[in-house]
Number of protein chains: 2
Amino acid sequence: MAKKGQYTYEYPHPAVTADSVVFGYDGKELKVLLIKRGKEREASTTAYAGEWALPGGFLDVEKDKTIAHTAFRELKEETGLKLSIKDFKEVGSFSDIRRDPRERVITITHYALVKLAEVEASTDAEKAEWFSWADIPHLAFDHDKILRVAFSRLKQDIHFEPVGFELLPEVFTLPQLQNLYESILEVKFDRRNFANKMKHYGILSEIEDGTPRHGTRTPVKYRFDKENYDRLKGSGFQLEF
Amino acid sequence: MAKKGQYTYEYPHPAVTADSVVFGYDGKELKVLLIKRGKEREASTTAYAGEWALPGGFLDVEKDKTIAHTAFRELKEETGLKLSIKDFKEVGSFSDIRRDPRERVITITHYALVKLAEVEASTDAEKAEWFSWADIPHLAFDHDKILRVAFSRLKQDIHFEPVGFELLPEVFTLPQLQNLYESILEVKFDRRNFANKMKHYGILSEIEDGTPRHGTRTPVKYRFDKENYDRLKGSGFQLEF
DNA sequence: ATTTTTTGTGTAAATATTACACATATTTTT
DNA sequence: AAAAATATGTGTAATATTTACACAAAAAAT
């Protein structure tokens with residue numbers, strides 16, 4: 001364990017943390033992973049104990065290769081979720097001089113998109129919980145603000161990035177895909193126009209499951225055609241609505 | 001002056017800097033403001049002395065309200081340019097563990113857009129120089145990479161933000177505006193289509209300077225109609241090409 | 001003086017977007 | 001068990017947007 005007062009500098013240094021906004025989608029609603037704050041860094045005073053907050057923690061100055069590695073490591077430690085470094089997309093920094101009561105702390109926030117069904121089992125329910133976007137509690141520090149900024153970044157990115165790929169399960173339906181877009185963009189689309197446009201892009205593969213499918217109201221299942229998407233993206237394609 | 005070893009922490013802390021990419025436009029070419037590195041922080045070892053670099057410097061932990069204030073202060077100190085805090089748009093952080101040979105330094109980068117003609121005089125030519133985008137020298141640290149990322153962010157933002165307002169002088173011509181868009185987006189547009197689209201948005205006011213203007217090849221002068229632009233933007237307008 | 005470059009302007013064709021209705025199986029309600 | 005409500009898939013015509021394209025005149029360069 002580190003001895004107190006071991007690290008000295010000629011000029012004052014801030015602490016740096018990485019917080020993560022992890023979005024999931026269960027086919028119905030957009031969700032966010034939050035943790036209940038306990039104590040951290042054994043010896044330091046705990047701030048906002050017992051409140052909900054974004055998962056995150058301090059940069060390990062000697063070990064973390066980049067700040068994304070901090071985000072990765074802390075998310076795993078705090079929620080059990082083991083993603084990949086490249087899943088973390090930087091949102092920005094939050095550096096207000098009073099944002100942490102203990103000392104000057106700059107946080108760099110990332111967001112990540114996960115397939116909820118696939119990861120729900122591996123999140124440590126003791127410490128972490130998935131909250132519906134519509135039902136987020138008040139958060140510690142300036143995490144309310146951070147969450148809003150992360151969401152607006154997601155909202156921007158969805159125009160150009162295949163966020164569907166990352167949030168939906170392998171097999172999904174058009175209504176699910178549409179609902180996801182509507183949840184993130186906070187608008188409603190016409191069902192026919194949405195389907196036409198999506199099919200026109202050629203990035204959906206219909207799954208033939210044998211059932212002859214005479215009636216409706218059992219939605220057709222699709223898979224993303226990743227190869228086609230990558231090809232389109234390479235030639236300047238933009239997924240827009 | 002600070003005494004050596006005055007600031008101690010229980011855990012190691014990184015240094016945090018703010019670097020700025022300042023873009024200017026002279027009616028012909030996109031330019032970037034760079035500084036020649038000398039020594040900084042009186043007592044510390046100077047890295048990359050004599051090389052070109054982005055303007056920037058260390059966060060003042062006790063005084064800088066946010067990291068944007070650091071960017072503002074350092075830009076003024078190093079180049080003489082006095083912008084406004086809200087001119088600084090965050091690009092992102094660069095945190096590679098080896099990016100600074102002296103100690104662990106995380107940098108948070110902003111970009112800013114300026115009307116070159118108006119600020120050229122106030123940049124301290126002793127220390128700072130405007131470089132054409134096509135003619136940027138090799139830079140210190142990972143500043144080459146930072147510059148590329150900042151440019152690609154500008155390229156994205158131009159779709160949705162009135163960067164023309166910020167880079168062009170009050171009075172400008174359509175060819176200048178088009179050239180600016182072409183420089184940033186790295187494409188060529190058809191002159192008629194560009195003019196049609198721009199005029200259709202209703203954000204340009206033609207300036208009547210009395211001259212009857214029988215001939216062509218003396219471009220018509222315009223001003224941005226800021227009010228109209230703001231109104232359009234408020235109702236979801238997007239400037240696209 | 002001649003040539004080259006720069007500028008402004010309009011229209012037709014192609015493409016993309018929008019608006020819109022019904023039949024039917026499933027689910028929910030009574 | 002029956003009835004009502006809900007969710008699903010499908011196509012076309014009207015409108016709006018985007019693209020492609022040529023010439024005449026002044027200024028600048030040769």
Side-chain angles (χ1 to χ4, degrees), chain A residues 25-29 158-160 164 168-169 171-183 185 187-223 232 235-241, chain B residues 26-29 158-160 164 168-169 171-183 185-223 232 235-241:
Chain A
Y25 181 67
D26 64 359
K28 289 217 158 68
E29 281 183 307
I158 198 178
H159 291 286
F160 308 107
L168 288 168
V171 173
F172 58 90
T173 69
L174 261 184
Q176 282 179 331
L177 181 63
Q178 179 169 347
N179 178 262
L180 173 59
Y181 270 87
E182 290 178 339
S183 302
L185 292 172
V187 292
K188 289 285 178 192
F189 296 111
D190 176 271
R191 201 146 27 93
R192 274 168 295 188
N193 291 342
F194 186 88
N196 288 156
K197 197 161 188 175
M198 269 297 167
K199 284 174 180 171
H200 182 250
Y201 283 135
I203 53 175
L204 301 180
S205 321
E206 193 169 333
I207 297 177
E208 310 286 354
D209 62 346
T211 334
R213 192 186 154 63
H214 20 271
T216 56
R217 197 165 174 167
T218 308
V220 177
K221 297 194 184 73
Y222 294 90
R223 226 184 279 280
L232 277 168
S235 58
F237 154 89
Q238 287 182 348
L239 194 60
E240 274 187 69
F241 280 94
Chain B
D26 64 358
K28 290 218 159 70
E29 280 182 309
I158 198 179
H159 291 287
F160 308 107
L168 288 168
V171 172
F172 57 90
T173 69
L174 262 183
Q176 281 179 330
L177 182 63
Q178 178 170 349
N179 178 262
L180 173 59
Y181 270 86
E182 290 177 340
S183 302
L185 292 171
E186 298 176 296
V187 292
K188 289 284 179 193
F189 297 112
D190 177 89
R191 201 148 27 93
R192 273 169 294 189
N193 292 341
F194 186 88
N196 288 155
K197 197 163 189 174
M198 268 298 167
K199 284 175 180 170
H200 183 251
Y201 283 137
I203 53 175
L204 300 180
S205 322
E206 193 169 333
I207 296 176
E208 309 287 355
D209 63 345
T211 333
R213 191 184 156 59
H214 22 273
T216 55
R217 190 156 181 177
T218 308
V220 177
K221 297 197 186 70
Y222 293 91
R223 227 184 279 280
L232 278 168
S235 58
F237 155 89
Q238 287 182 349
L239 195 59
E240 276 185 70
F241 279 92

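Numbered from 1 within each chain, the chains take letters A, B, ... in sequence-line order.
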Residue mapping more 5' on DNA chain C - nearest nucleotide basis, B:Thr173 or B:Asp190
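Result of the comparison: B:Thr173.
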Hits for side chain to side chain contact (heavy atoms under 4.5 Å, CB included) against B:Lys199, two or more places apart or cross-chain, chain-then-number order -> B:Leu174, B:Tyr222
Those residues that, when tested against A:Pro169, pass side chain to side chain contact (heavy atoms under 4.5 Å, CB included) (two or more places apart)
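Per chain and number, A:Pro169 pairs via side chain to side chain contact (heavy atoms under 4.5 Å, CB included) with no residue.
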Hey, does the side chain of B:Gln178 reach the backbone of B:Phe189 with a donor-acceptor pair shorter than 3.5 angstrom?
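Answer holds: yes.
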Please tell me which of A:Lys199 and B:Asn196 maps to the more 5' nucleotide of DNA chain D, matching each residue to the nucleotide holding its nearest heavy atom.
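Mapping each residue to its closest nucleotide by heavy atoms, the 5'-most match is A:Lys199.
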Interatomic distance where [atom1] belongs to [X] and [atom2] belongs to [N] [whole Å]:
X	N	atom1	atom2	answer
A:Asn193	D:dG9	CG	C1'	14 Å
B:Gln176	C:dG8	CD	P	11 Å
B:Arg191	C:dT9	CZ	C1'	10 Å
A:Phe194	D:dG9	CZ	P	12 Å
B:Lys188	D:dT19	NZ	C1'	18 Å
A:Phe189	C:dA19	CZ	P	12 Å
A:Met198	D:dT8	CE	C1'	18 Å

Residue-phosphate contact under 4.0 Å: B:Lys197 side-chain N/O, D:dT19 OP1/OP2
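For D:dT19, OP1/OP2 do not have a side-chain N/O of B:Lys197 under 4.0 Å.
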Donor-acceptor pair present, B:Arg192 side chain and D:dA22 base, under 3.5 Å:
yes
At less than 3.5 Å, do the side-chain atoms of A:Arg217 and the base atoms of D:dG9 form a donor-acceptor pair?
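Donor-acceptor pair under 3.5 Å: no.
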If you define the side chain from C-beta out and look only at heavy atoms, does anything of B:Arg223 sit under 4.5 Å from B:Leu204?
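In short, these two side chains do not touch, never coming nearer than 4.5 Å.
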Any idea which of C:dT9, C:dA16, D:dG9 is nearest the A:His200 side chain?
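Of the candidates, C:dA16 comes closest.
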